[in-house]
Amino acid sequence: MDVLEFVTKNLNPPQKEAVETFSGPLLILAGAGSGKTRVLTHRMANIIGQGIASPDEVLCVTFTNKAAKEMEHRMYKILADLGARVHSQLWINTFHSFCVRVLRQHLTLLDYKPYFGIYDSSDSLSQIKKVMAALDINDKMYPPKNFQSRISQAKMLGLSPEGLEKNSRRLLDAKTVEVYKAYEREMKKANSLDFDDLLMKTYELFRMYPDVLKMYQEKFRFIMVDEYQDTNHIQYLIVQMLAKAHRNLCVVGDEDQSIYSWRGADIKNILDFEKDFPEAKVIKLEENYRSSANIVNAATAVIKNNSERKDKTLFTSNESGDLIQVREEKNEYDEARFVAKTIQTMINEGSGSYNDYAIFYRTNAQSRVLEEQLRTLGIPYRLVGGVRFYERMEIKDMLSFMKLAINPADDIALKRIINVPARGIGKTTIEKIEEYAAQQNISMYIAAQKACDERVFNAGTTGKIRRFLTLMDELQGSATSFKLVDFYHIVLDRTEYLTALKKDESPEAQARIENLEELDNAIAQFAKERGDEATLTSFLEEMALVNDVDSLDQEQNSVTMMTLHISKGLEFPYVFVVGMEENLFPSARSLDTGDGEEDVQEERRLAYVGMTRARQKLWLTYAKMRRVWGQEQFNPPSRFIKEIPEELVEFKTSSEGLRFVSKYGSSSYDNDENFGRPRWGASSADRNRARNTESYDEAQAFPDYEGDSSGGGAPFSKGMRVRHPTFGAGTVYATEGAGENFKVSVMFTDNTVKKFVVKYARLERI
């Protein structure tokens with residue numbers, strides 16, 4: 001069998017050229033859905049099949065175990081079809097698994113013992129806490145996760161503690177360097193490496209022992225790196241070291257899908273490849289085989305607004321297909337209902353199975369409303385990359401505080417939150433309380449009280465337990481005297497749960513805060529729907545039922561839900577991208593940071609990734625109003641919607657007759673006799689007229705009360721200019737209520753609208 005003919009059949013010309021190119025540096029720019037995995041595996045098979053290198057002389061590195069296993073499976077099948085014999089394991093690995101294979105052989109050279117341990121994130125954090133205790137560093141003032149994050153960033157840059165001290169730029173503060181040093185000593189003592197060490201120690205090994213590096217340089221005559229746009233600096237350095245001698249490096253990637261800068265990925269690695277290798281050959285895979293022409297053209301139009309990209313244009317020979325469906329809804333509940341009902345209708349009409357549908361969102365917190373609506377219609381679903389909303393740690397913690405407030409006999413709830421947030425009540429103490437309760441045949445709550453009264457523990461431990469019991473006594477009183485919505489805020493405040501999360505700078509803490517915010521919205525919606533029946537007891541009962549019914553078999557036919565970041569590499573016939581609003585997507589953080597345009601470009605790449613996951617039909621939805629921390633916010637539709645050519649879009653709204661004022665014009669869409677056709681632009685006169693007349697039609701929903709100064713709030717009226725300590729200057733466009741309940745809605749300079757209770761808002765007139 002002719003090897004070249006076998007590995008190049010059914011390939012298009014650029015794919016064929018990539019498979020046939022062996023020597024020297026090669027950059028394959030592979031657009032979404034352009035068959036890059038096929039090209040990688042067939043290129044590797046060509047090298048091995050033609051006898052240019054043996055199977056163990058080719059190194060292929062990718063980013064996920066799933067991708068590595070898929071590629072390995074394909075390779076073995078192709079090689080078997082070619083009749084090529086493989087006597088050893090192929091070197092198709094993730095970066096981390098490749099480094100483990102190297103370190104298993106050579107880590108003793110770095111003064112470690114054989115069979116080293118590998119710490120996961122929680123093990124690493126425990127080690128940092130231990131180090132902090134030894135250094136007498138207060139973990140309230142200096143959250144351990146902050147040190148963990150900074151140390152991880154240093155290792156991604158290939159910097160040891162000593163390297164940081166020698167560096168002329170102050171990349172880390174002195175205290176972090178001190179913790180980093182002590183942490184490294186403890187890790188060495190434990191003969192263990194953390195996840196970042198797997199890369200860092202491999203880099204150190206190659207630097208300290210040139211002969212070891214030379215051995216691997218000679219061993220791997222050909223190197224291929226998948227998803228090169230996702231490499232961080234230490235991965236870049238390792239690849240450069242291995243390829244330095246022969247320069248037979250092939251990297252495959254798409255700068256338009258670089259969406260992981262928050263975890264260290266550097267888009268410049270792929271953008272600057274030709275600077276690193278001036279003799280590099282560049283091949284562009286621009287034909288998309290996945291999506292309909294309308295989807296490809298819409299995504300291409302969006303991503304072309306980025307400046308940080310190579311000159312390539314995605315195209316397809318597929319049919320035009322359906323127009324992009326842009327849907328405007330009144331709020332996030334209507335948006336979720338629209339998505340759920342659309343899926344139900346299409347399934348009933350025979351359009352695929354539940355597995356063919358995916359829902360993407362910018363933040364995990366957005367899943368809660370969607371889950372509720374899918375459950376209401378009996379639509380099975382599964383969450384990828386996260387647990388169900390009411391099973392998330394912070395949600396269960398809050399519900400446990402609320403449960404214990406009305407049922408002190410709930411030992412499970414008490415055990416969960418007696419030391420949350422950390423208040424110094426350790427595992428041994430909890431076990432003693434549990435044992436004492438069993439002996440006395442009483443609840444743990446009563447046992448804790450009796451143990452304090454009878455001085456079972458030392459004075460320090462007794463004081464900590466008493467403070468917890470006092471907190472719970474206060475919450476028990478509040479549970480009966482406050483409304484459900486207010487009680488939730490009291491729990492957040494008195495427990496200092498939210499305060500602790502806000503001190504934590506990690507992305508995980510931010511996600512947990514967003515989930516607590518979404519629970520606030522869920523409680524508010526429950527109170528609105530149930531009225532006087534919305535008690536703490538009824539809410540907890542309903543949540544318990546949700547948890548009971550919510551366990552679905554992950555393998556069964558179900559709609560897939562995930563964040564946009566997780567969607568990369570996947571594809572579905574039908575895709576919904578929800579929450580397409582300014583300050584949500586693109587996120588408010590990307591708009592507020594000093595990096596500005598750079599961060600917005602990454603958000604646009606994220607939109608591009610989400611859009612190109614769809615094969616047949618794509619929906620982009622947004623809400624005119626969305627609740628954030630119980631306050632109504634009005635954000636314009638996402639700029640990414642505006643960037644799609646109008647001839648590719650079918651626009652529909654559930655709120656006919658209402659107009660949404662956006663920063664792009666007096667209305668983002670016109671609901672007139674041309675209903676269904678988007679109005680993408682507006683003249684400067686239109687924009688000025690919109691600003692001067694305050695033509696937010698939503699303001700009609702608010703009665704125009706003048707308000708008064710009772711309850712501590714100064715009078716505010718429509719049109720008044722005000723300043724908020726966080727959001728800056730704005731204009732009052734609506735008021736409602738009186739006295740302590742006097743509220744104002746303010747439009748700020750970025751066109752977002754927030755509603756405040758004047759008594760607490762600290763607004764000042766300008």
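Counting begins at 1 with the first residue of the sequence. The shown structure was predicted, so the numbers you read here are calculated from the model rather than taken from an experiment.
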> Taking the six-membered ring of Y142, is NZ or CZ of K175 closer than 6.0 Å to its centre and within 45° of its axis?
Replying inline: yes
> About how many Å separate CD of E431 and CD1 of I433, when rounded to the nearest 0.5 Å?
Replying inline: 10.5 Å
>> I need the single residue from K312, K268, R309, R605 that forms a side chain to side chain donor-acceptor pair (under 3.5 Å) with E255. Which is it?
In response: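 Testing each of K312, K268, R309, R605 against E255, the sole residue satisfying side chain to side chain donor-acceptor pair (under 3.5 Å) is K312.
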Would the distance check show the side chain of [X] and the main-chain N or O of [Y] forming a donor-acceptor pair, the cut-off being under 3.5 Å?
X    : Y    : answer
Y209 : L109 : yes
D81  : I78  : no
S149 : K145 : no
N248 : G24  : yes
N46  : V19  : yes
Y260 : Q229 : no
E602 : S261 : yes
Q217 : K244 : no
N306 : Q601 : yes
R362 : S587 : no

> Please walk me through it: do H73 and K69 pass side-chain contact (heavy atoms from CB on, under 4.5 Å)?
Replying inline: CA-CA 6 Å; H73 176 75; K69 287 177 182 177; over 6 Å; no
> Would K36 and E227 satisfy salt bridge (charged side-chain N to carboxylate O under 4.0 Å, His left out), going step by step from the backbone distance to the final call?
Replying inline: CA-CA 10 Å; K36 70 178 178 62; E227 304 286 8; 3.3 Å; yes
Check this for me: [X], atom [atom1], are more than 12 non-hydrogen atoms of other residues, nucleotides or ligands nearer than 6.0 Å?
X    : atom1 : answer
Y112 : OH    : yes
K502 : NZ    : no
K77  : NZ    : no

>> If I compare all heavy atoms of C99 with all of L199, which pair ends up nearest, and what's the gap?
In response: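 Closest approach of C99 to L199: SG-CD2, 3.6 Å.
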> Which heavy-atom pair separates Y228 from V225 by the least distance, and what is that distance?
Replying inline: CD1-CG1, 3.8 Å
> What is the ring orientation for F220 with W91, classed by angle as parallel under 30°, tilted 30 to 60°, or perpendicular over 60°?
Replying inline: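 Taking W91 first and then F220, their aromatic rings stand perpendicular (interplane angle over 60°).
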Side-chain heavy-atom pair [X], [Y] within 4.5 angstrom cut-off:
X    : Y    : answer
T563 : T363 : no
V251 : I270 : no
R43  : I47  : yes
I48  : M75  : yes
Y76  : I92  : no
L59  : K219 : no
R512 : D397 : yes
Y183 : F147 : no

Under 4.0 Å between a side-chain nitrogen and a carboxylate oxygen: does that hold for [X] and [Y]?
X    : Y    : result
E204 : R207 : no
K155 : E184 : yes
K415 : E434 : yes

> Taking it one step at a time, do L193 and L103 satisfy side-chain contact (heavy atoms from CB on, under 4.5 Å)?
Replying inline: CA-CA 10 Å; L193 305 179; L103 294 173; 3.8 Å; yes
>> Using the side chain to side chain contact (heavy atoms under 4.5 Å, CB included) definition, which of the options E279, K281, K310 pairs with E274?
In response: K310
> Just checking, any donor-acceptor pair under 3.5 angstrom between side chains of Y236 and D276?
Replying inline: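 Result is yes, a qualifying pair exists.
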> F22 and Q50: side-chain contact (heavy atoms from CB on, under 4.5 Å), yes or no, with the steps?
Replying inline: CA-CA 11 Å; F22 298 146; Q50 296 207 40; 4.2 Å; yes
